[in-house]
Amino acid sequence: MSADGAGPTRTDEQVPKPGPAHARGAQTAETGGSGSLGVGVAGDHLRIVLRPVASSAPVAFYAFGAGTILYSALQLQWLSAQQSKPLAIILLAFVGPLEIMAGLVAYAARDAGVATAMLIFGAVWIALGLELYTSPPGSRSTAVGMFMLTIAAAVLMIGTGAIVARPLLGLLALLATARFALSGWYELYGGVNVEHASGWLGIPIIAISLYGGTAFLLEETMRKQVLPIGRRRGAAAALEGDLSRQIEPVAREAGVRHLL
């Protein structure tokens, strides 16, 4: 199942049994009453049971927007520097954990792209929260600057890969890339204009986060697209395509194949 709400309901897919090297000592694992993943060898086939999960995309987008508006408010001096510790507590207790949870659910839903982005964002919010809480208000850090520039490079790769099939996620990642880069530059070299540019760049990120969270939530609850999010290629096929084709490559996915 895709983390953005598109994917199979529980189904059994019959795929060819692995070769002799994998088949030796094969045992049947029964599926529990909760519907968790089960694998059983019977005859010449391997049975793989897929477990549906709710989409974690809405909470991921909303949490990202909440963290962005708070951090932008600090950068734009809508919040005084003395508010950095309360802001840090919110990032640590609310934003970071929700992003981490969303990423883990996305992995369970077999959506590595969303999972990677959300887990990185969640860890970044937690790291920023710890830095804000332990540092003097208004201070800068060379280590944080280098960290932010490194994250900007990683998120750029995520955004570039996502923009073709999922332009909403790709646009969010590309804007976040620019913001991370500006924030990193400010931490390294200072400059009020750079800090303010990073803060103002958070405004469209907030808008996209709120729109995306609402669009994915409506899609998940109403089982159809209500607000356009621009799915293309594989992302569109995940919602509108044939189920049998979506689960066809499952035997070669991580967790089923022998190695990652």
Side-chain angles (χ1 to χ4, degrees), residues 60-104 106-107 112-163 169-209:
F61 274 76
Y62 284 142
F64 193 78
T68 300
I69 194 170
L70 291 173
Y71 202 70
S72 289
L74 187 65
Q75 291 178 311
L76 295 170
Q77 293 158 9
W78 298 346
L79 294 175
S80 69
Q82 302 304 318
Q83 293 295 310
S84 58
K85 284 196 174 182
L87 189 153
I89 293 173
I90 296 173
L91 296 183
L92 291 169
F94 178 80
V95 181
L98 284 181
E99 292 281 358
I100 296 291
M101 181 276 294
L104 294 176
Y107 267 128
V114 170
T116 300
M118 294 307 111
L119 287 172
I120 287 177
F121 290 151
V124 168
W125 287 123
I126 291 173
L128 289 177
L130 290 171
E131 191 272 336
L132 287 172
Y133 191 82
T134 57
S135 301
S139 62
R140 294 187 289 111
S141 168
T142 301
V144 172
M146 295 177 66
F147 171 70
M148 298 285 269
L149 291 176
T150 303
I151 293 299
V155 176
L156 175 62
M157 298 298 103
I158 295 173
T160 302
I163 197 72
L169 178 61
L171 179 60
L172 182 69
L174 292 176
L175 287 172
T177 296
R179 187 157 191 255
F180 283 134
L182 288 171
S183 297
W185 185 272
Y186 169 76
E187 292 287 339
L188 289 172
Y189 305 110
V192 174
N193 290 337
V194 175
E195 183 184 27
H196 285 180
S198 177
W200 284 114
L201 193 56
I203 303 303
I205 293 176
I206 295 165
I208 293 172
S209 297

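Position 1 is the first residue of the sequence, and the numbers go up from there.
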Practice problem: Go through Trp200 and Ile203 one step at a time and tell me if the side chain to side chain contact (heavy atoms under 4.5 Å, CB included) criterion holds. | Solution: CA-CA 6 Å; Trp200 284 114; Ile203 303 303; 3.8 Å; yes

Self-check item: Separation between NE2 of His196 and OH of Tyr186, rounded to the nearest 0.5 Å
Solution: 8.5 Å

Self-check item: Nearest non-hydrogen partners of Leu91 and Pro97, listed with the distance
Solution: O-CD, 3.9 Å

Practice problem: Identify the two heavy atoms, one from Gly138 and one from Ala81, that lie closest to each other, and give their separation to 0.1 Å. | Solution: N-CB, 4.0 Å

Self-check item: Straight-line distance of Glu195 CD to Glu187 CD, nearest 0.5 Å
Solution: 8.5 Å

Quiz prompt | Minimum heavy-atom distance Gly145-Leu188, with the two atoms named | solution = CA-CG, 4.0 Å

Quiz item: Roughly how far, to the nearest 0.5 Å, is CD1 of Ile158 from CG of Leu174?
Solution: 10.5 Å

Self-check item: Val124: side chain to side chain contact (heavy atoms under 4.5 Å, CB included) partners, not counting sequence neighbours
Solution: Ile120, Leu128, Phe147, Ile151, Phe180

Exercise. Return each pair, listed once, that meets side chain to side chain donor-acceptor pair (under 3.5 Å) where at least one residue sits in residues 129-148; pairs must be two or more places apart or across chains.
Key: Glu131-Ser135

In a table with atom names and distances, give each donor-acceptor pair under 3.5 Å that connects a side chain of residues 60-75 to protein atoms at least two apart or in another chain.
unit_1: Tyr62; atom_1: OH; unit_2: Thr214; atom_2: N; d: 3.1
unit_1: Tyr62; atom_1: OH; unit_2: Thr214; atom_2: OG1; d: 2.8
unit_1: Thr68; atom_1: OG1; unit_2: Phe64; atom_2: O; d: 2.7
unit_1: Ser72; atom_1: OG; unit_2: Thr68; atom_2: O; d: 3.0
unit_1: Ser72; atom_1: OG; unit_2: Arg179; atom_2: NH2; d: 2.8
unit_1: Ser72; atom_1: OG; unit_2: Gly199; atom_2: O; d: 3.1
unit_1: Gln75; atom_1: OE1; unit_2: Arg179; atom_2: NH2; d: 2.7
unit_1: Gln75; atom_1: OE1; unit_2: Ser198; atom_2: OG; d: 3.4
unit_1: Gln75; atom_1: OE1; unit_2: Gly199; atom_2: N; d: 3.4
unit_1: Gln75; atom_1: NE2; unit_2: Ser183; atom_2: OG; d: 3.2
unit_1: Gln75; atom_1: NE2; unit_2: Ser198; atom_2: OG; d: 3.1

Self-check item: Residue pair Tyr107, Leu119: steps toward the side chain to side chain contact (heavy atoms under 4.5 Å, CB included) verdict
Solution: CA-CA 10 Å; Tyr107 267 128; Leu119 287 172; 3.2 Å; yes

Quiz item: How far apart are the closest heavy atoms of Ala173 and Gly159, and which atoms are they?
Solution: CB-CA, 3.5 Å

Practice problem: Supply the atom-to-atom distance Leu171 CG to Ile208 CD1, rounded to the nearest 0.5 angstrom. | Solution: 4.0 Å

Quiz item: Any side-chain heavy-atom pair from Ile89 and Lys85 closer than 4.5 angstrom?
Solution: no

Quiz prompt | Separation of Ile100 CD1 from Met118 CE (nearest 0.5 Å) | solution = 10.5 Å

Quiz prompt | Separation between CG of Leu149 and OG1 of Thr177, rounded to the nearest 0.5 Å | solution = 11.5 Å

Practice problem: Compare every heavy atom of Leu201 with every heavy atom of Ala178, then report the nearest pair and how far apart it is. | Solution: CB-CD2, 3.4 Å

